Amino acid sequence: MATTAAPVMPTLRVAPSILSADFGSLADAVASVTPGIDWLHVDVMDGHFVPNLTIGPPVVASLRSHSQLFFDTHLMITEPARYLEPFRDAGADGCTVHVEVGETTALIAQMRDLGLRVGLAANPDTPFEALEPYLDQVDLVLCMTVFPGFGGQSFMPEVVDKVARVRAAADAAGLPLDIEVDGGIDEHTVVEVVRAGANVFVAGSAVFNRDDPLAAVGSILDAATAERTGATS
Ligand code: DX5
Ligand code: ZN
């Protein structure tokens, strides 16, 4: 008898982006949100893939000595193959590469060989079809909800449909995929993306630019949980 697989309900989590933290006191910034999270989002930019420069493996290694969190490392760089091993050695737990840089199959294999959790990201104007061939090979899909490069930009609602298509494809295949959104996420915009099927919410300015970053994490998670609970009850 044919059975229908129950939809996968992956864990809802907020992954604060340290891009918006005080880089002079990174360990303190991380400690301030640690009671409310298990993932930390680390934005790596190379000045080529995006017009900004941020951090490299030495900073990840320094943070590693202060934190046991899962380091969700978002590589906005044109040559991830050169840097995956240094980031792994520095303490990255998962790495996410952009599908726009190409060589995706080889990069996924390299991440697996290194023991990294595997993520694949797409810019707002990159279609679902670019991600589709890889959905059964990755642990996480990151749908950028701003063009990458800078914190503090406005959420792009036109990406929500792509999130829904990724979740529908994952559910149809029975894949327990994490779907992450990144850019302009706060306690208001999170509602739309959780409804579409996202479950990992990167938030930079909506956490670290608030007076109480830990409470801000709680507000985003509460809003996401309420939306999911309401939708399923
Ligand atoms: C943007 C980065 C994001 C950024 C999000 O290129 O990938 O992680 O820090 O910042 P907010 O939440 O301020 O949009
Ligand atoms: Zn990011």
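These figures come from a predicted structure and were not determined experimentally. For ligands, and for the atoms within them, numbers begin at 1 and follow the listed sequence. Heavy atoms only: backbone and side chains are in, while hydrogens, waters and symmetry mates are out.
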Can you give the donor-acceptor pairs under 3.5 Å from side chains of residues 30-39 to other protein atoms, not counting sequence neighbours?
from	atom 1	to	atom 2	distance (Å)
Ser32	OG	Ala29	O	2.6
Thr34	OG1	Val30	O	2.7
Asp38	OD1	Arg13	NE	2.9
Asp38	OD2	Arg13	NH2	3.0

For the residue pair [Y] / [X], report whether a side-chain donor-acceptor contact shorter than 3.5 Å exists.
| X | Y | answer |
| --- | --- | --- |
| Arg228 | Asn199 | no |
| Thr225 | Asp222 | no |
| Ser17 | Asp43 | yes |

Looking at every non-hydrogen atom in both residues, tell me the closest pair between [X] and [Y] and how far apart they are.
| X | Y | value |
| --- | --- | --- |
| Phe150 | Met45 | N-CE, 4.2 Å |
| Gly183 | Thr145 | O-OG1, 2.7 Å |
| Asp93 | Phe71 | OD2-N, 2.7 Å |

What does the contact table look like for ligand 1 (nitrogen or oxygen on each side, cut-off under 3.5 Å)?
from	atom 1	to	atom 2	distance (Å)
ligand 1	6 (O)	Gly149	N	2.7
ligand 1	7 (O)	Asp43	OD1	3.0
ligand 1	7 (O)	His74	ND1	3.3
ligand 1	7 (O)	Asp182	OD2	2.9
ligand 1	8 (O)	Asp43	OD1	3.2
ligand 1	8 (O)	Asp43	OD2	2.6
ligand 1	8 (O)	Asp182	OD1	2.6
ligand 1	8 (O)	Asp182	OD2	3.1
ligand 1	9 (O)	Ser17	OG	2.9
ligand 1	9 (O)	Asp43	OD2	3.1
ligand 1	12 (O)	Gly204	N	2.7
ligand 1	13 (O)	Gly152	N	2.8
ligand 1	13 (O)	Ser205	N	3.0
ligand 1	13 (O)	Ser205	OG	2.5
ligand 1	14 (O)	Gly184	N	2.8

Partners of His41 by ring pair (Phe, Tyr, Trp, His ring centres under 6.0 Å), sequence neighbours excluded?
His74
Everything protein-side that's N, O or S and under 2.8 Å from the Zn ion (ligand 2): list it, residue and atom.
His41 NE2, Asp43 OD1, His74 ND1, Asp182 OD2
For Glu103, I'd like to know if atom CD has over 12 heavy atoms of other residues, nucleotides or ligands within 6.0 Å.
no
